[in-house]
Amino acid sequence: MRVDILTLFPGIFEGPLRESLLGRAIEAGLVRVGVHDIRDHTEDPHRQVDDYGFGGGPGMVIKPEPVFDAVESLGVGENRVIVLSPAGRPLTQQMARDLATRSWLVLVCGRYEGVDERVVTGLDAEEISIGDFVLAGGEVAALALLEAVTRLIPGVVGNEESLGEESFERGLLDYPHYTRPRDFRGMAVPPVLLSGDHAKIAEWRRQAALDKTRRNRPDLLPEEREPGRDLP
Ligand code: JFE
């Protein structure tokens, strides 16, 4: 897979792309990542990438010209560009699985109040959010998306079996995990996990996953969902 990232802060990506899973996937040639400075696509002597928003209100908006120029310089062809935004479709594991089947991703990271809407409409971009909270820009969201997608590329994660077992893949949160020591500061590992009885272990894990889901994510369960709230 090829991934190109357009940003005003290319330095943000240096550490994350060198370390751990992303670093290894790039090193192994399983994913190629290009990071491009949107400011390199300005034409004016001040290299201006932002401007006041029409209609008033606080904050600056990323101008469309350097973003269009940066995207067009890649020659994306049929590939749909992705714009990270708190106003995008919320990223899900299902979406990550779809993105992992694509051969080329182009991720546009805004800053300030975001990018001019014509980047979205004019490029027919997909707007994606990584959750209902507001970051200061798209870079951290792009890294989260990239890591979620990269770990699904065949060969990136050693034990591919483990991918199907985890949270969301089976509609529940993951069950709790324990390792040595058996007793840590008086907190014992649940004895069933040491019993060697695989049927009993599977049943304990199912129940523990259900308890955790009820506690942390009741919205994932058909029963305990809240009735719909009124619109603001
Ligand atoms: C940008 C910003 C004020 C945006 C209403 C570009 N899930 C997610 N959270 N935050 C983002 C994504 C994100 C993505 C791109 C971004 C935030 N900002 C900051 C500030 C209002 C905004 O949109 C700029």
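Note that the structure is predicted; figures quoted are calculated from it, not measured. Just so you know, residue 1 is the first one in the sequence shown, and it goes up from there. All ligand and atom numbering here is 1-based and tracks the order in the structure.
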Requested in this report: For the pair Arg182 (side chain) and Val189 (backbone), establish whether a donor and an acceptor sit closer than 3.5 Å, ignoring hydrogens and angles.
Outcome: no

Please list, one pair per line, the donor and acceptor atoms closer than 3.5 Å that link side chains of residues 20-29 to other protein atoms, with sequence neighbours excluded.
none

Report summary line: Here the gap from Leu105 atom CG to Arg80 atom CZ, rounded to the nearest 0.5 Å, amounts to 12.5 Å

Query raised in the report: Quick check: does any side chain N or O of Thr150 sit under 3.5 Å from a backbone N or O of Glu147, one acting as donor and the other as acceptor?
Result: no

Query raised in the report: Given Leu123, which of Val83, Val71, Val106 fulfils the side-chain contact (heavy atoms from CB on, under 4.5 Å) condition?
Result: Val71

Identify the protein atoms, limited to N or O, that lie within less than 3.5 Å of an N or O atom of ligand 1, and list each pair with its distance to 0.1 Å.
| residue | atom | partner | partner atom | Å |
| --- | --- | --- | --- | --- |
| ligand 1 | 7 (N) | Ser129 | OG | 3.1 |
| ligand 1 | 7 (N) | Ile130 | N | 3.0 |
| ligand 1 | 7 (N) | Gly131 | N | 3.4 |
| ligand 1 | 7 (N) | Gly131 | O | 3.1 |
| ligand 1 | 9 (N) | Phe133 | O | 2.7 |
| ligand 1 | 10 (N) | Leu135 | N | 3.0 |

Query raised in the report: With no hydrogens and no angle check, is any side-chain donor or acceptor of Thr42 less than 3.5 Å from a backbone partner on Asp44?
Result: no

